[in-house]
Structure formats: C-alpha cells, structure tokens
> 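Here it is, the structure in full.
Residue numbers begin at 1 in each chain, while the letters A, B, ... track the order of the sequences.
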Amino acid sequence: MTTPVLSVRDLVVEIPTRRGVLRPVDQVSYDIHAGEILGVVGESGAGKSMTGNAVIGLLDRPARIVSGEVLLSGEPVHALKGERLRKLRGKKMGMIFQDPLTSLNPLLTIGEQLTETILEHLDVTQSEARERAIAALDEVGIPAARQRIGSYPHEFSGGMRQRVVIALALCAEPDLVIADEPTTALDVSVQAQIVALLKRLCREKGVAVMLVTHDMGVIAEAADRVAVMYAGRLAELGPVREVITNARHPYTAGLMASTPVASQGHRRLRQIPGAMPRLDNLPSGCAFHPRCDRAEPRCREEPGPSLEACDGRAACWFPLTEKTEVSA
Amino acid sequence: MSAIVKVEDLTRIFDVSKPWLNRVIERSPRALLTAVSEVSFEIEENSVYALVGESGSGKSTIGKIMVGLVPPSRGRVEVDGVDLATETDRAKVDAVRADIQMIFQDPYASLNPRWTVRDIINEPVSIKGGDTKGLAERLLEQVGLSAVDAGKYPHEFSGGQRQRICIARALAAGPRIIVCDEPTSALDVSVQSQVLNLMSDLREELGLTYLFISHDLTVVHHMADKIGVLYLGGLVEEAPRDRLFDAPKHPYTQMLFDAAPRMDAFGREVDPPKGEIPDAINPPPGCPFHPRCPIAVDRCREERPRLRPIGETRVACHLAE
Amino acid sequence: MSELQTEIETKAKTSPGRLARAWDSDLAYSFRNNPVAMVSAFVVSLLILAAIFAPLIAPHDPFNPATLNLMNGFTPPGQANQFTQEYFLLGTDDQGRDVFSTILYGMRISLFVGFAAVMLALVIGVLLGLLAGYLGGWVETIIMRIADIQLTFPAILVAMLIFGIAKGITPPEYRDQMAIWVLILAIGLSDWVQFARVVRGATLVEKNREYVQAARLIGRSPFSIMVRHILPNVLNPVLVIATISLALAIIAEATLSFLGVGAPPTKPSLGTLIRIGQEFMFSGEWWILFFPAVTLLALALSINLLGDWLRDALNPKLR
C-alpha cells in the first residue's frame, strides 16, 4: 500500500490553564490518502478544528502538541518550527477557512495574493506566476478570470470569495488541503457549488482533503471516509456509507437519529439527552457514558477503548453490531 | 380553523444610501433595498407556518415586522384583526403585543449577560407590574431546566440550555403566537433535536401558533404544517408541507431541494445550481429568479409573475402548472 | 480555538459565597499573577489611606498659624532645626510648615478634586454617550459634534477658560472657597468626551444584540433599556477609562495649581506645593519641591499602571 499523504499517529494536544490541563485532542490517529476526502465531523467543542490546526501547525498558544506524530508523506512535520514550517505550509499543505472574508487580505488584489503565494513556493518567473494565478482562478470557476484578477476581495460575493480562497489554497499545488467548515457561512445553493468544486479538484489533482464540518449531509455527499469526534477523541472511523447507515458507536447512532431527515415527517425526533461535556469537566471513564443508553459499569470506570479494539471502527466497549436503521 | 395572523401586501424598503454629501459628490443615486416585496399569507391558529429562503430573502425582516420591531413600508400585519402599525387604541396594542413573542437565532446574544435567569424570564411580566412570584421557576421546569437554575447567570449554561431560557422568557407573557427566527441554527444537531421536540410539545400543551423562520429544509420539513418559500423578498411558492415536498412547482423550490445536502446521498454527483442570489438593490427585471432559472423564457425577463393558486399551492411562476 | 476559549470562560461555576466567587474570578486571578498591578494597587491604597487619615497621621497641622514657628523655616529633612532643635522627617518650607504634613493634606485636595472631576466627567460622558449611541439621528450628530469641537482644544485650555469665567463671576471673598469646586467643574467638563465616545461605540454594538431587541419587544421604554440593559454591559471600558482619567485629572489639577489658577496656597494641593517649592529649587532647599513632586509621580504612575492592567484584564481578546 502506498504511503498516505497525511498520517496522524496518537496525536495529543493540551492546553494548560489555571484550572488544570485540558486535552482538546486526545490520542487521535488517522490516515488520508491521495485523492481521498476524509470528513471530520463532530459537535462544537469536539476538537475537530483543533485537530486540523495541529496538523497544519497553526495552534494558538498555549495549546501545544504534547505527544504523537503528524507525518506528511512519511516525513514527520509536528516538530517543525518557524521558517521551515512556513515553507511547508502552502507548499505541501493548503488551508480553507470558514469565513472567506477574513482569510483574504482586503488591501491586496486577489491577483497579488495569488502570485505572491505562487512565487513564494514555486520556482517560476513573475509572468509565469501571473498565468498560473489566472489558471487557478479559472479552475475554481471564476468567470472572466483574466479581467477579475485585479479585483479586491470585497468586490466578490461570498461564494466567489470562497472560490478565491480555494484557488489560493491550491495554487502552490499542495498534497494536502485542510478545509475547516468551508461551507458553513454560505447559502444552500452556493454550498452545493463549493462542495462539488472541492470534490472535482480532489479527484482531478489527487489532493488529500481533510474536510472538517458539523454537517452530516455535506459529509455524506462529499467524503470517502468519515471520522466522528467526541470530547477530543475519535469515536468512530470508517467508510462514510458504513458509518452513516450502520453506525457502531452509540454516539454516532444517536447523532444520525437526531438529524431531522426529510422523509421522516412529523414524528418526534430521537434525542441524545444532555450536551457534550466541557473539557475541564470530563466524566470518568468513557466521556459519552452519561448520555449513553447502553452504558454499563465498565464504561464509567474505564476510559473508552482505542479504535483498534473494535476493528478500527468504533471506540466503544459495547458497540452496536446489528444493522440499525438510519432513521430509527 | 381560522386565521390568527393575516399578512397583506407586506413591503419593507430600507434606505441604504450613502450620506447625502457622498451622494452629491459621487453623483450616485439613492440606494433602496426592497427587503420584503408584496408578501401576503395567513397563519391558522395552532399551526406552524414556515418561511424558508436563503440570505437576503427577507424572511427575518417579515418576522421583525410581525412582532413590531420594524415598521412596514406598505401593507399590514393583522393579529386577531388588530394592525399593530396603525392601531391607536393602546389597550388593544398591549394585548396583541403580549400575544406575540419571539425567539432569536443566537442564544448567546439574546440573553443579557448581567442579569440572572430569573430576572430575564420575569422581565415581560415585571415590566407590566405583574406578579412574578415563582413564575421563573415554574417556566424553567416547563422547558426542561431546573428551578434552582433561576439564580444563575446566562454564562453558566450551554447553547441549548440558553435557547430553553429564551423559550421560557417568550412563554412568560402567555403568548399565543411565537415567531421563531432560526431558533436552532446556532445549535449542534443533538441539541437541536431536543429544542425542536420541546417546541413541538409546548405547541400541543399550550395551543401555540408558530411562525418558523429557517434556511434549513430538513428542519422545516420536520416542523411545519404550511411552508412559504421566499426569494429576494417575494413569496415564490406556498403550499402545505407534503404538497411542497412531494411536488414543488417553482423552479427555485426545486433547485433548493436539489442543492440541500442529504444524508442518504453518498457521493451524489449533483449538477450544482447556477449563479448566486442577485443584488437586492438592483434586482433583475421581470421574475427575480430568471437569471438562474433553467426553464426561463422571454416572458420571465419582462413580466413579474404574480402568485396564483394551483390546487392547494400558490406559486409565482409563469410556467408552473 | 475560539469555541474552546468561550467554553473555558463560560465554565460552570459551582457558586459558594459571593466573596469566594470574586476571589476565584478571572479578574482576581489575573491580578494575583501580575506583580506590577499588585505593587501599584499597594502604593495607591497606601497613598489614599494616608490622605484620608491625614489628621491622624500628620505630626503637625500645617494650616494652623498658631502652631507655626517661622524659626523652623528651611529645616532640611532628617535633621534637627538649628534654632529650635525640632525634628522634621521631610524638612520644612519657608514658613516652617512640615513638608510631610503638607504633602498628606495636599494629597487630600488632589485626590478629592481628581475623584470628583472624574465622577462628573463620567456621569456626563456616560449619559451623553448612551443617548448618542442608542437614539442615533440628530441627537447623536449634535452630541458627537460638540465632542469633536471640544477635542480640538487642549483639555487644559478648556479648564483654564472655565476657571477664568468662574473667577470673573464669583465675588473675591468667596474665591478661595470656590476654587476647589471650580477646579472640579473645569477638569470634569474638559474630560467627558472620551467617556462619551467609548460609551457610544459600545452602545452601538450592544443595541443590535438580540437581548436588546427582546427588551424592545416586551415593551420597555428606550430610557429603561439604556439604563437597565445597555449600561451594565458597557461599564467595563468605562471603568478602565475612569482609572486612567483619575491619574490625568490629578495631573491636570496639579498643572492648573502650578500655573496659579488652581488650589490656593491656604489650601494647597500637590500642584500648589510644587509651585511653592520650585521658587527654592535653585537656592539649595530642594526638599520643598522634591517630596511633593515624587508623591505626585508615585500617585499618578501607580494609578496609570493599574488602569493599564485593568484594560488588559478586561479585554477578552488578550486573555
């Protein structure tokens, strides 16, 4: 088997606070191969954005990686700092943020921002960089790219701006793109356009994509595999169809059941009681046990098992085995 | 059943011009944004009427006009036969105001961080000099929180719990109608289902009527009895829920349904919708949807379609049948 | 990151006593971990306590002519007077007044004028800022244009103008009594603008938040919304400005007094003492100037440092 583009091994991120050390990312491991979209899904506070930031080296102090490895095409990158990290970011890794307006510099034209990034990371001349910038804009579906390259970010609509951000993330031809809630700020019709664009670029360019979102619908349509996070840990990892139609972890199953599905009609929604625990107030044992209807004494006493304990699928002592209905 | 809310020909125009000095120097004309354009609908008692649309569709503005936060430019909203904007009888206005309450989108911004939960929930009653003894405690238990929470401050609660507090505050005045402006879009899925279930329960227990404003089709499908689809300030289609979802008549409704991500559509290759929502200051002539419409004909570019009934559906499209 | 931070900040606190909660709050924590803030707070409270209890602490009453002995004039600090053999910790001035005692009494005047002027500026500024921010329209235009015009004059010039007018309309025999109140009025009126600007900005943010809309919906009057809902939420920046303004007001008072338009020599403030002292600066009697000046410096500097810490501690972005 080929080396995965991104390989995260037992990653632990900690934030020391005055009330103790928080672990927003706890023992997380996964791979992403070239041309594959891994969806990372979870509710707010689950640690999904923090995982992406840790991979790309954008952790805000005082958060830091305390153990584990991040391998990019087999090379360890989690310990890189300063100039070497900056070179790697952009060249090997691109990032797409939730809010396209704040991730572009309002004082520079999009052409300046694109050529600057290309010149920084690729060995090309100024005019070649400009041609590449136009090609990149063309590729993400910006009409009349040659004319619009001199425009400023505020002259674009929200959806077009997100396309520019995607062009910017891809213009240095990275191997890995981390998209953090790329469609959350957009309208439904524009969201569909951006999802289709991401899928096409991933396929055509063989880029590995880590798609961080809270929207199961987006995951279902775009991702090849999905990682479900809960309270900093991976709850479930598997091919997207498997995870959605045949969830093994009770949390994933509950999440699916509580999503109002269009075909379901006026029935009462199934609900998971309570809310995700705060990181500074995690319950003992498996973090999900207070909300879990399958919890047994073991779940209260021992921390949840690693993914490997359940054929690499679900980190649960008593995973669901039979086929369960999505809309149960 | 009779209509408790009647919205007639409702229009709201916002003046978004630059200051007059800039206009004179730059020779730019006044910029008028038509946020809501000639919208008419009725809400039946004890039903859920949903308004769906994307950003700029005017759905939130309609909600704000209905509760009296924004005055309409033209048209009227009648609640129990009383028009809030023109009614001069103070007693009638007060009665209607107490009848209609609102739940907001952002549970973090809609509670005053310096007030205790008790004061927040009691406010609608205490401002009228009413008796608030035990009121907050009773309402907290009704919305699934505990009476001891009354002495706490909003920051001690999670997003879902805050939205329950907002619901309790809305209930304090004893309303018959609640305008819900994206009540769950700031919440996580597992919490969203709790809040939606609570709203359904309260509707049955208290006989409430909801105007449910949302961009999320799955949530609307779950909650609504009747749905109005808005595009660029105008109602393009209105139908009972099942009719709308089974047989959408307007191409925009069709497009929304196709674009919405679905959990059972693995690796679905959709042909994404064309274009984006046009600028509401300079809307396209004729049907506002025609630049994105796959079936538009010449007539759509010239003549704005009116809402016309087809069976149980009302639709604003020349070609719908 | 941000969702996590809010989570940490909004963490559930099991609530024991109010005092224990205050001690456990983020503000108290940041205070305990900031040596500069702690030292400043210590110096400020020491000086304020010394000023309040001046009649008990001061070894002499410098303003009672009966106890003054001209023979004690120009006694250097830490030495006995060559004629009377009396001992003065910080020396005496030309009239034989104990410098230590005059500083204690001078600080009372300085701090009183400073606090009162800031309170005046705060009340005017917060009120006008709330009105401008919440009502908008022509109310806002008028208030903020007045503020803009006032900002084009240096504050000290405004104060001198008000002082001059007041001096012109009060009869001579009341002038010394009136001087303090005129000082407060002058400094207070020249200082309201920054309160108004900050409060207006914060009000513009708060008034669009949904809790204010909820209050409008309930039928609260605009004034009631301003006072009960918006005011408590704009007080953090007001507190910071008030602290820094206090230091500025004390310095403004000293400046005016130094220029001779402030506190009269019969009721000297620190500024008056410095003015008296500078006459003897070059004739060798340095202590008459030096000790009041150092006290003023210590007072203004510690209040300022305290204000800086408060600003950082109350700013959620810097946490």
Side-chain angles (χ1 to χ4, degrees), chain A residues 41-46 141 157-160 183 186-197 199-200 214-224 239-241 244-245 251 254-276 278 291 326-327, chain B residues 48 52-57 144 157-161 184 186-198 200-201 215-225 241-242 245 252 255-279 292:
Chain A
V41 70
E43 300 179 270
S44 47
S157 67
M160 283 296 155
T183 61
L186 304 174
D187 278 315
V188 184
S189 61
V190 183
Q191 166 174 299
Q193 298 169 359
I194 298 294
V195 168
L197 173 66
K199 277 165 75 176
R200 179 169 63 81
H214 68 278
D215 190 330
M216 282 311 287
V218 171
I219 295 277
E221 286 190 8
D224 301 304
V240 67
R241 183 186 294 268
I244 289 183
T245 55
Y251 171 65
L255 203 59
M256 300 306 153
S258 57
T259 310
V261 178
S263 53
Q264 185 182 344
H266 244 330
R267 279 193 289 145
R268 237 181 115 77
L269 292 166
R270 227 186 82 183
Q271 58 187 52
I272 313 178
M276 171 126 44
R278 297 165 193 273
R291 303 175 72 187
V326 185
S327 53
Chain B
V48 180
V52 260
E54 300 179 276
S55 54
S57 63
F157 296 89
S158 69
Q161 292 171 321
T184 61
L187 303 178
D188 282 316
V189 183
S190 73
V191 179
Q192 165 175 290
S193 61
Q194 297 170 8
V195 172
L196 292 179
N197 281 343
L198 172 67
S200 301
D201 294 347
H215 70 277
D216 188 332
L217 287 167
T218 54
V219 171
V220 164
H221 188 208
H222 180 76
M223 291 296 287
D225 296 314
R241 177 190 47 168
D242 290 334
F245 278 86
Y252 175 64
M255 189 202 88
L256 269 186
F257 288 173
D258 290 344
R262 299 217 322 261
M263 288 227 320
D264 53 355
F266 304 108
R268 182 174 65 138
E269 296 293 333
V270 285
D271 194 18
K274 291 189 297 178
E276 295 184 20
I277 301 160
D279 184 6
R292 304 172 73 187

> Sort B/Gln161 into side chain, backbone, both or neither according to what part of it lies under 4.5 angstrom from a heavy atom of chain A.
neither

> Chain B: which of A/Ala223, A/Gly254, A/Gly274, A/Gly42 shares the most heavy-atom pairs with it under 4.5 Å?
A/Gly274

> Might you point out which heavy atoms bring A/Arg291 and B/Gln194 nearest each other, and give the distance in Å?
NH2-NE2, 4.5 Å

> Tell me, side chain or backbone of A/Asp215 under 4.5 Å from chain B's heavy atoms, or both, or neither?
side chain

> Check each atom of B/Ser190 against the heavy atoms of chain A and say whether the ones under 4.5 Å are side chain, backbone, both or neither.
both

> Quick one: does any side-chain atom of B/Glu54 pair with a main-chain N or O of A/Ser189 as donor and acceptor, under 3.5 Å?
yes

> Measuring from atom CE of A/Met276 to atom OG of B/Ser158, what distance do you get when rounded to the nearest 0.5 angstrom?
11.0 Å

> Could you tell me which non-hydrogen atom of B/Val189 sits nearest to which non-hydrogen atom of A/Glu43, and how far apart they are?
N-OE2, 3.9 Å

> Locate the shortest heavy-atom distance separating B/Asp188 from A/Ser44; write the atom from each residue and the value.
OD2-OG, 2.7 Å

> At a 4.5 Å cut-off on heavy atoms, which part of B/Leu187 comes close to chain A: side chain, backbone, both, or neither?
neither

> On a heavy-atom basis, which atom in A/Gly217 and which in B/Pro261 lie closest, and how many Å separate them?
C-CB, 3.5 Å

